[in-house]
Amino acid sequence: MAKKKILFINQEISPYVPDTELSIMGRALPQAMQEKGHEIRTFMPKWGNINERRGQLHEVIRLSGMNLIINDTDHPLIIKVASIQQARVQVYFIDNDDYFSKRQMEKDEMGNDYPDNGERAIFFARGVLETVKKLRWVPDIIHCQGWMSAVVPLYIKTAYQDEPSFANTKVVTSFFAKNLTNDLGTNFKKCVEFRETTADLLSPYKEVFDFEEMGKLAIDYSDGIILASPEADKSFEQYASTKNIPVLGYQEDFADSYEALYAKICPEEE
């Protein structure tokens, strides 16, 4: 296929966090697509358990400094960057003291979901998209991996639909095993509001969002769906099929089939 610009928005990437199915794919997929000749950018949250010194993270001053208003509160956006030398992949990190640096990942030290995980996902999504705009880089495809990126498809097709950086961008969402226990907070619908993204758009969904509802939201605004794990919820596949959205089942050797899906949803212009 013709070479594409692909933005990977990952919840986890190895070796910055412990190896899981999600973090291993977070590293392997961008590397595979880069080796196939595609131009990539890769983002993840700067979780509090990431060792900045060991990972050689450093702040990108020219990209930092913006404030994002969520739930009527200003939250500073800090951008850091590091490189996985063996994979030759550069990773951008979305950081904020309140949401990431002073926290663990989706669960606290006691193993409980953070009650504001919904707000954290919103901050992450907007932080990535605002940073890509600053980079003046126009992706053909955005590939979201993990619930933390599930708000991105909604924003791309609503709040950012008229932005030159994303006007023609297609979105793919990958599903993995469920790793959230509780809901995402009672104020998720209010917090997600931004520009054309209004709470009214979320009226078809349950009042309180959880892992399953976030999955449906991602599907509704995506152009392609991947079941990236044998443990992924099969109901997401059924839901996507009712929306006539292309679905790719689990593939152990994923690179060629993922690339074929990219070509299907983002064909070359005549």
Side-chain angles (χ1 to χ4, degrees), residues 1-11 29-30 33-34 36-45 59-70 74-81 89-96 121-145 148-174 191-202 217-225 245-246 258-259 261-270:
M1 67 180 282
K3 304 313 175 190
K4 303 286 187 186
K5 292 182 177 179
I6 309 172
L7 171 62
F8 294 100
I9 306 180
N10 300 308
Q11 180 173 314
L29 179 55
M33 292 304 146
Q34 183 168 262
K36 282 177 168 286
H38 301 290
E39 186 178 334
I40 69 163
R41 296 288 186 276
T42 305
F43 283 78
M44 73 173 288
E59 185 175 351
V60 185
I61 302 298
R62 68 182 179 89
L63 297 177
S64 299
M66 180 183 297
N67 277 10
L68 303 182
I69 300 174
I70 298 173
D74 278 357
H75 298 278
L77 173 62
I78 301 167
I79 308 300
K80 296 177 179 176
V81 70
V89 170
Q90 187 180 62
V91 179
Y92 290 93
F93 296 83
I94 298 296
D95 199 4
N96 173 270
I122 292 165
F123 181 88
F124 178 57
R126 287 179 53 191
V128 171
L129 299 180
E130 291 296 336
T131 303
V132 172
K133 283 170 53 182
K134 278 191 174 183
L135 289 170
R136 300 185 183 278
W137 191 72
V138 182
D140 299 303
I141 295 165
I142 295 177
H143 193 145
C144 302
Q145 300 197 95
M148 180 58 72
S149 63
V151 188
V152 170
L154 170 68
Y155 279 144
I156 287 294
K157 300 301 176 67
T158 56
Y160 290 84
Q161 62 181 339
D162 295 325
E163 293 278 0
S165 294
F166 306 112
N168 299 307
T169 301
K170 303 298 182 182
V171 184
V172 174
T173 296
S174 282
C191 293
V192 83
E193 290 191 313
F194 177 62
R195 297 179 181 168
E196 293 81 9
T197 307
T198 63
D200 291 342
L201 288 176
L202 303 187
L217 178 69
I219 291 169
D220 284 339
Y221 291 91
S222 293
D223 300 287
I225 300 300
I245 297 171
Y258 281 27
E259 191 180 44
L261 179 62
Y262 296 157
K264 180 178 181 179
I265 67 171
C266 188
E268 286 302 296
E269 297 181 358
E270 297 293 337

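Counting begins at 1 with the first residue of the sequence.
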- request: Report the relative orientation of the aromatic rings in Tyr92 and Phe43; use parallel for angles under 30°, tilted for 30 to 60°, perpendicular for over 60°.
  value: parallel

In the structure I gave you, are the side-chain heavy atoms of [X] and [Y] within less than 4.5 Å of one another anywhere?
X: Tyr258; Y: Met33; result: yes
X: Val152; Y: Val128; result: no
X: Val171; Y: Tyr221; result: no
X: Arg126; Y: Ile70; result: yes
X: Ile40; Y: Phe8; result: yes
X: Arg62; Y: Leu135; result: yes

Atom pair [atom1]/[atom2] of [X] and [Y] - distance to nearest 0.5 Å:
X: Thr197; Y: Leu154; atom1: OG1; atom2: CG; result: 5.0 Å
X: Ser222; Y: Leu217; atom1: OG; atom2: CG; result: 8.5 Å
X: Ile245; Y: Ile219; atom1: CD1; atom2: CD1; result: 6.5 Å
X: Ile141; Y: His143; atom1: CD1; atom2: NE2; result: 9.5 Å
X: Tyr262; Y: Asp140; atom1: OH; atom2: CG; result: 12.0 Å
X: Ile9; Y: Ile156; atom1: CD1; atom2: CD1; result: 7.0 Å

All side chain to side chain donor-acceptor pair (under 3.5 Å) counterparts of [X], not counting sequence neighbours:
X: Lys170; result: none
X: Ser149; result: none
X: Lys134; result: none

- prompt: Does Glu196 have any salt bridge (Lys or Arg N to Asp or Glu O under 4.0 Å) partners at least two apart in sequence or in another chain, and if so, which?
  reply: none

Heavy-atom donor-acceptor pair, [X] side chain to [Y] backbone, under 3.5 Å:
X: Gln145; Y: Asn10; answer: no
X: Asn96; Y: Leu77; answer: no
X: Lys4; Y: Cys266; answer: yes

Identify the two heavy atoms, one from [X] and one from [Y], that lie closest to each other, and give their separation to 0.1 Å.
X: Met44; Y: Val91; value: CG-CG1, 4.0 Å
X: Leu129; Y: Ile142; value: CD2-CD1, 4.4 Å
X: Ile225; Y: Leu261; value: O-CD2, 4.3 Å
X: Val132; Y: Trp137; value: CG1-O, 3.4 Å
X: Asp223; Y: Thr169; value: OD2-O, 4.4 Å
X: Lys157; Y: Gln161; value: O-OE1, 3.3 Å

statement: Across all chains, not counting sequence neighbours, the ring pair (Phe, Tyr, Trp, His ring centres under 6.0 Å) partners of Tyr155 are none

- line: Contacts satisfying salt bridge (Lys or Arg N to Asp or Glu O under 4.0 Å) that involve residues 158-169 (not counting sequence neighbours) are Lys133-Glu163, Glu163-Arg195

